[in-house]
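Since the model is a prediction, treat every value here as computed from it, not as a measurement. Reckoned from all heavy atoms, side chains included, excluding hydrogens, waters and symmetry mates. Just so we're on the same page: letters track the sequence lines, and every chain starts at 1.
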2 protein chains.
Amino acid sequence: MKYSVHLQMNEKLFLRDPEQSDLGRRIVRQGILVMNEIGFEETTFRKLADRLGTKEASIYRYFENKHRLLVYMVAWYWQWLDYQVVYETNNIASPREKLERLLPILLQRTTDTPATPDDIDLRALHSVVIREASKAYLTRHVTDDNREQLFKPYKDLCGRIAGLILEFNPTYKFARSRASSLIETAHYQSFFMENLPSLTDFGGHPTDDALLAFLRHLLFSSIERG
Amino acid sequence: MKYSVHLQMNEKLFLRDPEQSDLGRRIVRQGILVMNEIGFEETTFRKLADRLGTKEASIYRYFENKHRLLVYMVAWYWQWLDYQVVYETNNIASPREKLERLLPILLQRTTDTPATPDDIDLRALHSVVIREASKAYLTRHVTDDNREQLFKPYKDLCGRIAGLILEFNPTYKFARSRASSLIETAHYQSFFMENLPSLTDFGGHPTDDALLAFLRHLLFSSIERG
DNA sequence: TCAACATTGATAGTAATACTATCTTTGCGA
DNA sequence: TCGCAAAGATAGTATTACTATCAATGTTGA
């Protein structure tokens with residue numbers, strides 16, 4: 001059986017819903033590839049338009065600027081992760097096992113679920129999120145963006161993970177900070193592993209997955225205590 | 001007694017050493033204030049030049065571009081932190097106590113040391129680092145920049161902290177990752193606390209310092225085990 | 001004291017970026 | 001076939017991120 005999820009996005013994220021047209025979908029999908037290839041700073045709507053065989057002005061009809069496009073892509077990613085967490089922890093009784101299943105999802109060490117969207121390059125999107133996601137909120141206008149609910153998917157995911165942590169240990173005091181730091185640590189350490197490996201203890205390649213072991217140890221050692 | 005440290009900076013960080021001239025020092029000091037006020041993206045050499053009563057071209061004689069200026073400021077900060085860690089842990093016998101003294105330094109909850117530089121606004125620089133430091137390395141040219149040793153101060157600080165962790169527990173397997181994730185967690189939890197508080201458990205204001213308690217718990221729970 | 005040099009100031013200029021505006025064409029559904 | 005929405009096409013603007021050049025100033029040291 002093969003089907004795919006459609007994620008409903010907050011309307012504040014775009015000027016015109018990119019999922020409602022062929023051009024819009026191509027902007028998002030190619031946008032992911034371009035940002036992955038040349039990075040956020042080097043990405044321009046002109047370059048993206050050239051790749052799509054369209055014009056800058058057409059892209060501006062969908063997104064106010066490239067920062068909003070990034071926020072959209074990142075928001076989509078968080079919603080997709082949240083979906084995966086729900087899917088993978090469904091019908092699991094043990095809170096420990098739920099958290100065990102969470103970790104590979106955060107690192108995208110997953111095999112496809114039946115609902116994997118087949119037209120979005122998830123591997124590229126994961127790379128973009130590692131490198132660029134923090135630029136979505138590390139801005140001077142973070143408060144305004146937050147007021148527009150642009151970061152709700154991230155907050156929802158953190159809330160979901162905080163819930164799992166509290167299932168595991170209802171007396172743990174820092175569930176939300178633990179959740180957000182788990183996600184961020186997974187990403188930073190992935191980036192460091194690949195680009196500044198001396199900041200990590202993961203010399204080799206992802207076969208043995210020391211990063212996963214690190215995250216597991218870090219998570220459980222903290223939440224197994226009061 | 002009052003004196004101040006002079007931090008020796010890597011020559012690759014600048015075109016002309018800003019500490020060797022009045023204009024250069026003002027570029028760095030005012031640059032910190034401008035980046036703190038309007039953020040990295042909005043900062044331009046023109047705006048900074050106007051504030052200094054000088055010209056864009058003069059600033060370009062010191063720094064290739066504003067990214068390099070950011071990297072310089074951040075590198076200076078890491079060296080300053082490293083100095084503080086050395087100073088505050090000097091003559092302390094207990095590895096636990098050393099780590100206890102490290103934590104307030106990372107959050108800059110410190111009273112001035114005798115060597116505090118009096119002409120750099122450390123509070124502003126700390127804010128800039130929290131918000132902007134990751135933009136120093138989250139780029140497509142991170143590998144080139146790393147080759148030029150631009151991130152050496154950060155690596156040195158992580159190495160120093162990893163050393164303290166290994167003093168505390170010589171069998172701990174992830175000392176370097178633990179060090180880098182400790183620093184990063186301190187910073188983005190600070191950012192979240194101020195800007196996206198629902199991602200943290202630190203509702204109130206910095207009096208009781210729940211963030212410090214969180215970091216302490218997170219650090220010791222992980223390194224007290226194998 | 002004068003010559004040489006380094007630093008900064010002042011002005012100009014260029015290519016690219018980040019948009020906005022407008023007008024035309026295309027295609028689709030009622 | 002009319003009307004409308006989407007996209008194409010073209011143009012234009014302010015700003016950014018530089019680079020180049022030359023003049024003014026100040027400092028050194030022969």
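- When the side chain to side chain contact (heavy atoms under 4.5 Å, CB included) test is applied to Asn146(B), the partners found at least two apart in sequence or on another chain are Leu196(A), Phe151(B), Lys155(B).
- Interface limits on DNA chain C: the 5'-most and 3'-most nucleotides within less than 4.0 Å of chain B heavy atoms are dT7(C) to dT11(C).
- Residue Arg16(A) places none of its side-chain N or O atoms closer than 4.0 Å to OP1 or OP2 of dA5(D).
- Partner of Leu33(A) under the side-chain contact (heavy atoms from CB on, under 4.5 Å) criterion, chosen from Ile38(A), Leu125(A), Asp121(A): Asp121(A).
- The list of side chain to side chain donor-acceptor pair (under 3.5 Å) pairs with a residue in residues 45-56 of chain A, not counting sequence neighbours, reads Gln30(A)-Arg51(A), Glu37(A)-Arg51(A), Thr54(A)-Ser58(A).
- With ring centers used as reference points, Tyr77(B) lies 6.0 Å or more from Trp80(B).
- A salt bridge (charged side-chain N to carboxylate O under 4.0 Å, His left out) check over residues 175-187 of chain B, counting only residues at least two apart or in different chains, returns the pairs Asp201(A)-Arg176(B).
- Atom NZ in Lys47(B) sits about 17 Å away from atom P in dA14(D), given to the nearest Å.
- Residue-level contact check: Phe63(A) touches neither bases nor backbone, having no heavy atom under 4.0 Å from any strand.
- In this structure, Asp22(B) places its CG atom 12 Å from P of dT27(D), rounding to the nearest Å.
- Remark: the Thr139(A) side chain and the Glu41(B) side chain contain no N/O donor-acceptor pair separated by less than 3.5 Å.
- For the OP1/OP2 pair of dA6(D) and a distance below 4.0 Å, the side-chain nitrogens and oxygens of Ser58(A) include no atom meeting the criterion.
- For the pair Phe45(A) CZ and dG8(D) P, the interatomic distance rounds to 15 Å; values are reported in whole Å.
- Cation-pi geometry between Arg68(A) and Phe63(A) is not met at under 6.0 angstrom from the ring centre and within 45 degrees of the axis.
- Residues from residues 26-43 of chain B that place a heavy atom under 4.0 Å from any atom of DNA chain D: there are none.
- With sequence neighbours excluded, the residues satisfying side chain to side chain contact (heavy atoms under 4.5 Å, CB included) with Pro153(A) are Ala75(A), Trp78(A), Gln79(A).
- Using a 4.0 Å heavy-atom cutoff across all strands shown, Glu56(A) reaches at least one base atom of the nucleic acid.
- A residue-by-residue look at Arg61(B) and Lys66(B) shows that Lys66(B) has its nearest nucleotide of DNA chain D further toward the 5' end.
- You'll find that the side chain of Asn65(B) is closest to dC18(D), out of dT10(D), dC18(D), dA17(D).
- Between the side chains of Thr185(A) and Tyr188(B), at least one donor-acceptor pair of N or O atoms lies under 3.5 Å.
- With rounding to whole Å, Leu52(A) atom CG is found 15 Å from dA6(D) atom C1'.
- Of the residues near DNA chain C, Gly24(B) and Ala57(A), the one whose nearest nucleotide (by heavy atom distance) lies more toward the 5' end is Gly24(B).
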